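Report on one structure; see the data block that follows.
Please read all numbers here as calculations on a predicted model, not as lab measurements. Every chain is numbered from 1, with letters handed out A, B, ... down the list of sequences.
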Protein chains: 2
Amino acid sequence: MGTVKNKGNVREASCQEELTAMRDSIEILGGKWKLLIMRYLTNRTAEHNHFKKIQRGINGISAKMLAKELKDLEVNLLVTRTIQDTRPVTVDYAITAYGKSIIPVTDMLVQWGLNHREKIKEEVLV
Amino acid sequence: MGTVKNKGNVREASCQEELTAMRDSIEILGGKWKLLIMRYLTNRTAEHNHFKKIQRGINGISAKMLAKELKDLEVNLLVTRTIQDTRPVTVDYAITAYGKSIIPVTDMLVQWGLNHREKIKEEVLV
DNA sequence: CTGGATCCCTTGTGATACTG
DNA sequence: CAGTATCACAAGGGATCCAG
């Protein structure tokens, strides 16, 4: 992609583009919680996920953090926020169609994490 | 995977395992730089990559950060560190066979980042 | 060139208390 | 229940100087 000058430069250019793209991804999805939240929501698209439920589902996250992270995700069109007309009030969060585009990312991270745990075991034995 | 008690619990258990696995991944690969470094190195397995060269390749990273991140990656067996017998001394870094296991992860992030940029364009037009 | 040491500012994150 | 406000601290990260 992009302007192709010659064999030597093509690769250079695309590598830099790759790094830039990764920077974007990391900026939006980075940090300790966002991908966990996204994964949690993708695993429960069938249910209503209100604030407290999500907080209980993601071990260790504080209300403050969860609120902030959800807001960020909403701004980036990855989740929706819906105020339910209940008493007391609840707010449901759901992953958007676009938000589902990050499933491959979390899939890879889940796999890698599981694999890494195996790797560590091996290393200890060796 | 894991112990299967009944239909209802299976999904619960595996979901928590997924989140735990992701936490591991995020802990090891998280932050602003590590995945960029890994990507940089995977794109240049054929070459010798010494410290300064990497720093130049990854826009904006300071020597302090690069040194720290490379050390972390080395501890986790993702990169190797080789002191070259040159004058003045240079040190080469290379991705390990195991380190290549994160290529799928960075691939997904690159793709997502590129895709996201398109998405943003669309949104602006709408 | 590599990269440790130091200083310092910014940001992330947690704890707690509080409001609608 | 949802979410904000506040305080407080740890971690992230930049700049600079310096030594092997």
Side-chain angles (χ1 to χ4, degrees), chain A residues 19-20 22-38 40-41 44 47-76 78-95, chain B residues 19-20 22-38 40-41 44 47-76 78-95:
Chain A
L19 294 189
T20 304
M22 286 229 322
R23 275 177 209 258
D24 290 348
S25 300
I26 291 171
E27 190 169 328
I28 294 169
L29 306 173
K32 202 171 167 181
W33 304 113
K34 291 203 185 71
L35 287 170
L36 291 177
I37 295 170
M38 290 302 286
Y40 179 87
L41 291 176
R44 296 163 171 278
E47 311 168 34
H48 283 262
N49 298 293
H50 61 272
F51 191 88
K52 205 68 185 181
K53 183 174 166 191
I54 300 174
Q55 194 184 354
R56 275 191 295 261
I58 299 178
N59 212 291
I61 193 168
S62 67
K64 177 173 128 184
M65 271 300 112
L66 184 54
K68 181 182 152 294
E69 300 293 69
L70 283 170
K71 204 177 289 179
D72 289 349
L73 293 172
E74 197 195 346
V75 167
N76 283 305
L78 297 171
V79 306
T80 54
R81 179 178 188 275
T82 316
I83 301 175
Q84 300 296 322
D85 192 9
T86 52
R87 175 77 196 148
V89 162
T90 60
V91 180
D92 281 4
Y93 293 89
I95 196 166
Chain B
L19 293 189
T20 304
M22 286 227 325
R23 274 176 210 260
D24 291 349
S25 301
I26 291 171
E27 191 168 329
I28 295 169
L29 306 174
K32 202 171 166 180
W33 305 112
K34 292 205 184 68
L35 287 170
L36 291 177
I37 296 169
M38 290 301 286
Y40 179 88
L41 290 177
R44 297 162 169 280
E47 313 167 32
H48 283 262
N49 297 293
H50 61 272
F51 191 88
K52 205 67 186 180
K53 183 175 165 191
I54 300 174
Q55 193 184 354
R56 275 191 294 262
I58 299 178
N59 212 290
I61 193 170
S62 67
K64 176 175 131 185
M65 271 300 111
L66 184 54
K68 182 182 150 294
E69 301 293 70
L70 284 170
K71 201 178 289 175
D72 290 349
L73 293 172
E74 196 194 348
V75 166
N76 282 305
L78 297 171
V79 306
T80 55
R81 178 177 189 276
T82 315
I83 301 174
Q84 299 297 321
D85 192 8
T86 52
R87 177 74 197 149
V89 163
T90 60
V91 181
D92 280 5
Y93 294 89
I95 196 164

Does OP1 or OP2 of [N] have a side-chain N or O of [X] closer than 4.0 Å?
{"X": "A/Lys64", "N": "C/dT16", "result": "no"}
{"X": "A/Tyr93", "N": "D/dG3", "result": "yes"}
{"X": "A/Lys68", "N": "D/dG3", "result": "no"}
{"X": "A/Arg56", "N": "D/dA2", "result": "no"}

How close or far is atom [atom2] of [N] from atom [atom1] of [X], stated in whole angstroms?
{"X": "B/Asn49", "N": "C/dT2", "atom1": "CG", "atom2": "C1'", "result": "15 Å"}
{"X": "B/Phe51", "N": "C/dC1", "atom1": "CZ", "atom2": "C1'", "result": "10 Å"}
{"X": "B/Ile26", "N": "D/dA11", "atom1": "CD1", "atom2": "C1'", "result": "17 Å"}
{"X": "A/Ile61", "N": "D/dA2", "atom1": "CD1", "atom2": "P", "result": "14 Å"}
{"X": "A/Trp33", "N": "C/dT13", "atom1": "CH2", "atom2": "C1'", "result": "9 Å"}
{"X": "A/Met65", "N": "D/dA2", "atom1": "CE", "atom2": "C1'", "result": "16 Å"}
{"X": "B/Leu66", "N": "D/dA15", "atom1": "CG", "atom2": "C1'", "result": "16 Å"}
{"X": "B/Glu27", "N": "D/dA10", "atom1": "CD", "atom2": "P", "result": "18 Å"}

Nearest to the side chain of [X], heavy atoms from C-beta on, is which of [options]?
{"X": "A/His50", "options": "D/dG3, C/dT2, D/dC1", "answer": "D/dC1"}
{"X": "A/Pro88", "options": "C/dT13, D/dA2, D/dC1", "answer": "D/dC1"}
{"X": "A/Lys71", "options": "C/dT2, D/dC1, D/dT4", "answer": "D/dT4"}
{"X": "B/Lys52", "options": "D/dA2, C/dT13, C/dT2", "answer": "C/dT2"}
{"X": "B/Thr90", "options": "D/dC1, C/dT13, C/dT2", "answer": "C/dT2"}

Discussion item. Quick one, A/Ile95 and A/Thr80 - any side-chain contact, counting heavy atoms below 4.5 Å?
Written reply: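 When only atoms from C-beta onward are counted, A/Thr80 and A/Ile95 do not touch, as no gap falls below 4.5 Å.
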
Worksheet item: Within a strict 4.5 Å, meaning less than it, do heavy atoms of the B/Trp33 and B/Met65 side chains meet?
Response: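 With C-beta onward as the side chain, the pair touches.
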
Worksheet item: Could you give all pairs that pass the side-chain hydrogen bond (donor to acceptor under 3.5 Å, both in side chains) test and reach residues 82-91 of chain B, with sequence neighbours left out?
Response: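 Every pair satisfying side-chain hydrogen bond (donor to acceptor under 3.5 Å, both in side chains) with a residue in residues 82-91 of chain B: B/Gln84-B/Asp92, B/Thr86-B/Thr90.
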
Worksheet item: Relative to the 5' end of DNA chain C, which residue comes earlier, A/Ala63 or B/Leu70, by the nucleotide with the nearest heavy atom?
Response: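 Taking each residue's closest nucleotide, the earlier one in sequence belongs to B/Leu70.
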
Fill in: Carboxylate-amine/guanidinium proximity below 4.0 Å for A/Lys53 and A/Glu47
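Salt bridge present between A/Lys53 and A/Glu47.
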
Worksheet item: When you measure from the side chain of A/Asn49 to the backbone N and O of A/Arg44, does any donor-acceptor pair fall under 3.5 Å?
Response: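 Indeed, once roles are kept as given, a pair shorter than 3.5 Å links the two residues.
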
